[in-house]
Structures are given as C-alpha cells and as structure tokens.
Student: 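Shown below is the structure under consideration.
Just the heavy atoms: all of them, side chains too, but no hydrogens, waters or symmetry mates, feed the values below. Every chain is numbered from 1 and lettered A, B, ... according to where its sequence line falls, protein lines coming before strand lines.
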Amino acid sequence: MRSPDLGAATRSKGEPPMRRTVLEVVGLHRAYGGVRAVDNVSFTLAEGRSLGIVGESGSGKTTTARIVVGLERADTGRVLVHRRDRTERRRGRVHRLARAREVQMVFQDPYLSLDPRTTVGAVLRETLRLHFPDADHPRRIAELLEQVGLGEREAGALPRQLSGGQRQRVAIARALAVEPAVLVLDEAVAALDVSVQAQILNLLADIREATGIGYLFITHDLGVVRCVTDDVIVMRHGRVVESGPTAEVLARPSHPYTRLLLDSVPGPGWDPRSIAAARRALSDSP
Amino acid sequence: MTAVLTRRSGLGRIRTARAPLHRICLGFVALVVLAAVLAPWLAPDDPNAVDLGDALAGPSAEHLLGVDAAGRDTLARLVTGARTSLLGPLGVVAFSTLAGVAVGVTAAWRGGWLDSVLSRSTELVFAFPGMLLAILIVSVYGEGLLAPVVALAIAYLPYVSRLTRSLVLAERARPYVEAYQVQGHSGLQICLRHVVPGIAPVVLAQATINFGYALIDLAGLSFLGLGVPALTPDWGRMVFDGQSAVQHGYPLSAVLPCAAIVLTVVAFNVVGERWADQVARRDR
Amino acid sequence: MTVLDIRAYRLRLPNTARPVLAGVDLTVGARETVALVGESGSGKSLTSRSVLGLLPAGAATEGTVRVGGDDVLTMTPEQLRRLRTGTAAMIFQDPRAAINPLRRLGDFLTESVRLNGGLSAEAATARATEMLDAVGLPASVLGRYPGQVSGGMLQRVMIAAALMGDPALILADEPTTALDVTSQAEVVALLGDLQERFGTGLLFVTHDLGLAAAIGDRVYVMYAGRIVETGPAEALFARPRHPYTAALLASTPRLDGPRGRLAAIEGRPPGLRDEPVGCPFALRCPLATSECTRQAPELLPVDGEPGRRTACHHSDRTGEATADA
C-alpha cells in the first residue's frame, strides 16, 4: 500500500513545491455496535488539490466525510484543518462559525438539501449574514450566483422551480459563500443526468482553479474520479485499501479490490460473469 | 409528511373533494364568526330580557325564532351565544396549540432524556378522558368559563404535541437541516426559522379540527350545568335550560342551539379536513 | 420472432404543450437485449411502462404497442392482467420501493401466479423455488422479509418474480442504478444467463451509456420523447450518427477517455411546456442550421450501415462534431 502522504508523491513529479497541507485526517475510528464503519483511516489533502474517496456502499466513505464535516463524531482520531484540531468540538458561537469556515459540504440530493420554503437569494443572504454581517450582501450574492452560472431570475426562485442541476449550483454557491478552506462533495453529481453532471464537474474544476479551495470528492463512480481528482483513496469495509495519485491507481492498481472495481465499470471487453466470480472470490477472503 | 392527524372516526369521515360542500361550510364558518363578532348589533333584543308572559311561544313577528321557558328571545340568545360558544374553543385551541407545539418541538429537537420525560408525561394526560378531567377541575374551581377552558386545553395538548413531535423528527432528518448545521447556524436558529414554519400548516390544520371538538366538549360541559354561569347565553347552556321546554312540547328553544352546535362543528371540521388534505397533497 | 413491436407510438398528457412521446418505433426480438438510453425527461421510462399498459391518468395514445402480436393499448382489463402475469414482466429500479416490506418474499413471488395464473399454492411455491435457484438464491429466502436481505439479493428476487410467469419479454427499468457497481455486474450476468436459458427478450432502460454499450445487442437513443438514433451497439458508440449521441458520449466521464474538462452540452432538454418546432435538439446542437429549426427530421436509415437509423438532417457530418469535442 502506498504512503498516505500524498503530498510527497506529487512533489516528486515536479509539481510546484511545498503546497501547504490544508486537511489532515489521522487514525479515524468509528464503530456502530459491532460494525466498524471507519477503521483507522488517515489521509492528507494539500491546498488547491482534489482528493477522491472511492468505495461502494458500506465502505465507510460517507461516514468519513461526515466526520470530517462534523455531522458525526469519531470514536478516536483527529481531523485537522490548517493544523487546527476540529474534532474537539468546543461549544459556543465563535467556535461553531470557525468550524464552518474550515469545511463546507455539498450533499448528494439536490432536492432535499435546500429548504423548500426559502428562495435562492434568501439562502445566500442567510449565510452571508451569519458569517459576514458587515459585507455588501447584494453585491456578494450577485457575485456568487455568477460564479456558479446562475442569474437574477434564479435568485428569486424557490427550489421547486429549479432543475436538479440548478439546485446543485445553488448548493455550491451556498457552500462557497462561507469561503471555506475545504469543500466536501458527497456524491454531489450522482443524482444528476449525464449532461448536467458534465456541466457541474466543469464548474467545480473552474472554481477550484479560481479560488484554490481543496476538494474532498466522495463517489462510487470511477469515471468521475478520473476526471476530477488528483489523488484517490479506495475504501472497503471501513479501511483504506489503496491510495495514490489517481492516474496511477487507475492505470496500475495494486489491490485486488481496486482491480475488481475497475473491471466492474462497463466498457469494451466487459465480462460480467468473470466479475461476478471475482467478487465472490474476494468476499470469501477478508 | 407521514404524520397522521388525529381525527375521530365519525366526524372524520365527513370528507369531501367536491368544492360546493367545502365552500358552503366555509361560508357558514364565516357567518358564525361574524355573528359572534357583531352580536351586540345584530341581536334584535336583549338576550337576557325576561318576558314571562310570552314564555314558550312559537315563532312570531316579534320573536323570529320563538322564546324559551323564561321568555327570552331565542334568536337574540343564539346570536349572542355565538360569542361564548366560540370564545371557549378559541381559548382551548390557542393554549393547547401553543403549549403543545412548544412541548413537541422541544422533545423532538433535543431528544434524549428530555424527550422521554416529556413524552411520558403527555402520555399520562392522554390516559385521562378530557371531559372527566374538565369535570374534575370545574368541580374544584367552580363556575366560570376559564376553568373548563384550561382543563380542556390540557386534555388536548398531547394531541398537538404528539403530532408536532413526529413532524419535527421527520423534518430534522432531512438533509437541509444538516446543511444548515454545517453552515454554522445554531440548532435553535434552524429550529425556529426553518423547521417550525415548515410544520406550521399541518399543525394549524389540526388546530382547526380541534376547534370543532373543543366546541362539542365545552357545549357538553355547559349542558351538564358546569362551566358558564346560569344566565350567560351560551348554546350548550341553552340546551340545558331548554330541557323543560322540550318536556312541555315546545322544543324550539333547545333544538335550535343544538342545531347550531352541530352545524358549526361540522363546518369547522370540513374546513379543517380540507386544509389538512391540501397540506398533505402539497408536501408529497 | 418479435416479442415487442412499437410503431408510431405517441403519448399525450393533459396540460402539456408537446406530446410526452412523439413517435416511438422500437422492436425487441426473442433472445435479444435491446438497450433504451436517455436522460430524465426523454420518455424512456414511460415507453417501458406503456408496454405493460401502465399509463398515467388522462393519457391519450396513438399508434400500436404490440406484445407477442396483441396491441396493449386496446386491451381490456382482463387481457391486461393476463399480459402482466404471463407474457411480459417488469423489473423496477429500486427493489426496496417496489416490494412490500411487510410481507414475506415467498408471498411476493407467488402472489401473482396464484391469483391470476391459476396455480395452486404448492405449485406456485415449487416454481418460486425453481426461479430462486435460477437466480442463485437458496429456498430459505422464501421465508425472509425484504428488510433482512441486501439490495443486490432483493433485486435478484425481483428478477425471479419477473420470471415466475414464464414471460416472453422482460422490461428492466434501470434495474442496476440503485446497486453498487460490483452488484451491477452480477445482476447483468444473471440476466444474460436467464435470457439464454429461457429465451426471453429484454428491454433494458438505462441512462448509463457504457452499460448500454456493453450489454445491448441493439441500442435506441431517446431525446425529448423521440428516438433519435438506433443501431447495433458497437457501431453506434464507435461512430455515432446523431449529434446528441455524440455529445452524450463526449460528456460522459470515462476511464478510457481524456482527463480534465468534459465537453458538456450547453442548456437543458425542452420541458413539457415548451413546444419545439423542428428538431428538439436544434437549440443545443453544434451542427444546427435553419433547416433544423423548421423541419423535424425523420428516423431514416443510414447509407452503408445496415440496421442503423438516425433522425438528423446532417447525420453525415456528425464525425466533425465528435472530432471537435
């Protein structure tokens, strides 16, 4: 298994030197009853880079993401953003807001992650009022909407009047409004049509280039991972089974599970029967 | 929303998708409310003016709906009685809804031991039949509208709080609540600004339905002679006073307030049920 | 032998400006896997549901939908019941939503053939055991509840249920979308095996182009209620003849495609309130000319490629579109 310090791997390829580490996850453990949902997970994310977490259902990738964001608590382990430990959840408004400015999230379901009774403009205004009460709100709202490819018309619309792609854009704008260091995207394009997915992925790439935000991209879709991430970790049954630069892991996987995942993607030469057999063989071994 | 409103079986079946009945009921509700508000100007006579010489007379030019056993004009009493007959249920519904929502939201939002304590306490109140509780309290505190109103409000509180609790639990599980938490809003802010307004339509629909039931219960109390003092024009009380009239073969002064109660309750129920159906359809 | 023959099928719903399905022609033969590909709003799910007569309220139809020779659109309720029990069966996308969680799986499997197929309880249970074996599940599953089995197993139970009536045609509406990618491979392998064994025709509805290319013998691509292209799977994806197919391929993130930015299609498909004149894809099409906005193209054969048809005025130029993307 490759080293979890992905910064080192990329530096050796002649990348710009010494990107700061923005997110560091060390030894996360989380168990529900007897089941280990997250089992000794560690990784780092450098500023402006995109890290993909790939796995199937039950792999622990979503739980890991939720722990990083703060919606769940880890049993042990630490999550550090800009070297500050966010796992010790100190109460109080100041700490709550500071934690929000570290990590933000875009959820999978565009239909349920927005309050159906609040207009788009009001959503952004709420966020700005909370974090930047003295800023010029109308100007900033217009800026954010433009950044995600929406306009005046959408600003006054309710979520049910928007398409899935538009709602995801609103969710991205809302996350960006906080100006976080890390953006967690939990299967953020899985519920979208192929053509809309492509638009959103391009948008996310543009935003990363413009703002230097770090992305933590949770997905089960290897095609998306290849397109949008610099590095990737593969999770299975709560553990990290493989990690490294995306291009390498997908071209030369070393773990049999990664190979199984790659083979399972339909394409030329796809043989579902041998995949089914390989899957059964793999599940017999721990 | 999968939370189901509490509807008693008999009246709950008076449901309609056809507009005319709903519109008629809405009109009737408006009529009754108007009568209650404008009673002093609408009533043809002083509702308490006694005219024993004319006792138990039938409808005439002077008394459009006849008089009761003490010679008081039935129409005037009906119109004036609308006030107390509606005021009581209004008090019951207002108090039970406000308190019930507060209890339900707190229990669902905080969860844990607070939820257990609140839920078990409200279940205790459930066990008491509302009327009996009311009778108990009235017998302790004597006559007057306040005692039965408070008693019934306590009896109705569990229905509202249970409904609110399940609604809030469902809302809390929706991703947008988590999204707001991640954004940095405090739990209280999210609860008050987003969750409560979201569940308000359903709770208000239930409140409208409760209004009808409260009317029946309060009228029942008045009929038993508890509740409002003897001289107050109040529909339930009028039925109580009219018992002797019925025995003498002049039922109008008892039947009319009865009809008024029944029609008003049905009207409120139809309106409330229709609202509840609309809310349920909208949320799908 | 053709098990499904849809000709000139149009479907109109009340309060919409354009027909939801505007002329669908589709055939499925015995032992054939036909993939129907489209995005949401293309009408692919409605098409597959129409085959079983599952039309939304107020729908007005034209054309014919023949299953085994009989037109579904003119069937009586009794005939429809017989069709759904024995001739054609559907596998739905989300097995947890399509199976009653409060009844045992044995009940789910045997209910239809007991009530409508005239089998006795023993015969039905015997057949259910046989079908479970065919999908690779033990007979003990009969006594379990849906909540006690995994999503992949539940989908296999659904497939077994579809086979209970010995259908000539199976309609699969995105059967693997809710499953993990490794379970997907298993389910697809299973469907392939069963097809060979029982000789059924399979209409596989999906939005996943890669999957359609890998499993379909023939593919139909739908857009805005119309078939815009059809042909043998390999040829269609190697050299698409319709700009929408080409654009869809270019915007799909693939393992063997280029990294970085995808060639996304601008804009959105026409909603039901828009009434497109001419080709519905014209507003988003890189090859569109004034002819395209005037005249809707017909689904016509492509020269030199047997079995392929495309609805485009400029099908000869689609090579240019893919090269630019």
Student: Need one label for A:S274: side chain, backbone, both or neither, based on atoms under 4.5 Å from any heavy atom in chain C.
Tutor: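 Looking at A:S274, nothing touches chain C.
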Student: What part of C:E266 lies closer than 4.5 angstrom to a heavy atom of chain A: side chain, backbone, both or neither?
Tutor: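 For C:E266, backbone heavy atoms alone lie under 4.5 Å from chain A.
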Student: So what's closer than 4.5 Å to chain C heavy atoms on A:L262: side chain, backbone, both or neither?
Tutor: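 Both the backbone and the side chain of A:L262 come within 4.5 Å of chain C.
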Student: Who among C:V188, C:I215, C:V181, C:V187 has the most heavy-atom pairs with chain A under 4.5 Å?
Tutor: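 Top option by heavy-atom pairs under 4.5 Å: C:V181.
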Student: Quick check on C:R254 against chain A: is it the side chain, the backbone, both or neither that has a heavy atom closer than 4.5 Å?
Tutor: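 C:R254 touches chain A through backbone heavy atoms alone.
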Student: Do you know which of A:D221, A:N202, A:I275, A:V224 has the most heavy-atom pairs with chain C at a distance under 4.5 angstrom?
Tutor: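 The candidate making the most pairs under 4.5 Å is A:N202.
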Student: Among side-chain atoms of A:T229 and A:T246, is any donor-acceptor pair under 3.5 angstrom?
Tutor: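 A:T229 vs A:T246: donor-acceptor pair found between side chains.
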Student: Please classify the contact of A:D206 with chain C as side chain, backbone, both or neither, using a heavy-atom distance under 4.5 Å.
Tutor: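 Both parts, heavy atoms under 4.5 Å.
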Student: Under a 4.5 Å heavy-atom cutoff, which of C:T252, C:L209, C:D193 has the most pairs with chain A?
Tutor: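 The candidate making the most pairs under 4.5 Å is C:D193.
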Student: Please rank C:A213, C:A214, C:G41 by heavy-atom pairs under 4.5 Å with chain A and give me the top one.
Tutor: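 Option with the greatest count: C:A214.
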Student: Top residue by heavy-atom pair count (under 4.5 Å) with chain C, among A:G165, A:G164, A:G223?
Tutor: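 Going by pairs under 4.5 Å, I would pick A:G223.
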Student: Check salt bridge (charged side-chain N to carboxylate O under 4.0 Å, His left out) between C:R284 and all other residues, then give those that pass, not counting sequence neighbours.
Tutor: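 Partners of C:R284 by the salt bridge (charged side-chain N to carboxylate O under 4.0 Å, His left out) criterion come out as none, since no residue qualifies.
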Student: Going by atom types alone, do A:S254 and A:E242 pair a side-chain donor with an acceptor below 3.5 Å?
Tutor: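 Side-chain D/A pair, A:S254 to A:E242: present.
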Student: Closest heavy-atom contact between C:A282 and C:A288?
Tutor: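 The pair with the smallest heavy-atom distance is O-CB, 3.3 Å.
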Student: When heavy-atom pairs shorter than 4.5 Å are enumerated against chain A, which of C:D208, C:T182, C:I265, C:L262 gives the highest number?
Tutor: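 Option with the top pair count is C:T182.
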Student: Which bit of A:L250 is near chain C, if near means a heavy-atom gap under 4.5 Å: side chain, backbone, both or neither?
Tutor: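 Only the side chain of A:L250 comes within 4.5 Å of chain C.
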Student: Which heavy atom of A:L282 sits nearest to which heavy atom of A:R236, and what is that distance?
Tutor: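 Residues A:L282 and A:R236, closest heavy atoms: O-NH2, 3.7 Å.
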Student: Atom OG of C:S150 and atom CG of C:L179: how far apart are they, to the nearest 0.5 Å?
Tutor: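 Reported value, rounded in 0.5 Å steps: 8.5 Å.
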Student: Is C:E229 close to C:R308 at the side-chain level, that is, under 4.5 Å between some pair of heavy atoms?
Tutor: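 Counting from C-beta outward, C:R308 and C:E229 do come under 4.5 Å.
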Student: Who passes side chain to side chain contact (heavy atoms under 4.5 Å, CB included) against A:Q108, sequence neighbours left out?
Tutor: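 With neighbours one apart ignored, the set is A:E187, A:A190.
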Student: Hey, is A:R208 close enough to A:D230 for a salt bridge, meaning N to O under 4.0 Å?
Tutor: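 Looking at A:R208 and A:D230, the cut-off is met.
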Student: Pick one of side chain, backbone, both or neither for C:S183, based on which atoms fall under 4.5 Å of a heavy atom in chain A.
Tutor: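 When you check distances to chain A, atoms from both the backbone and side chain of C:S183 fall under 4.5 Å.
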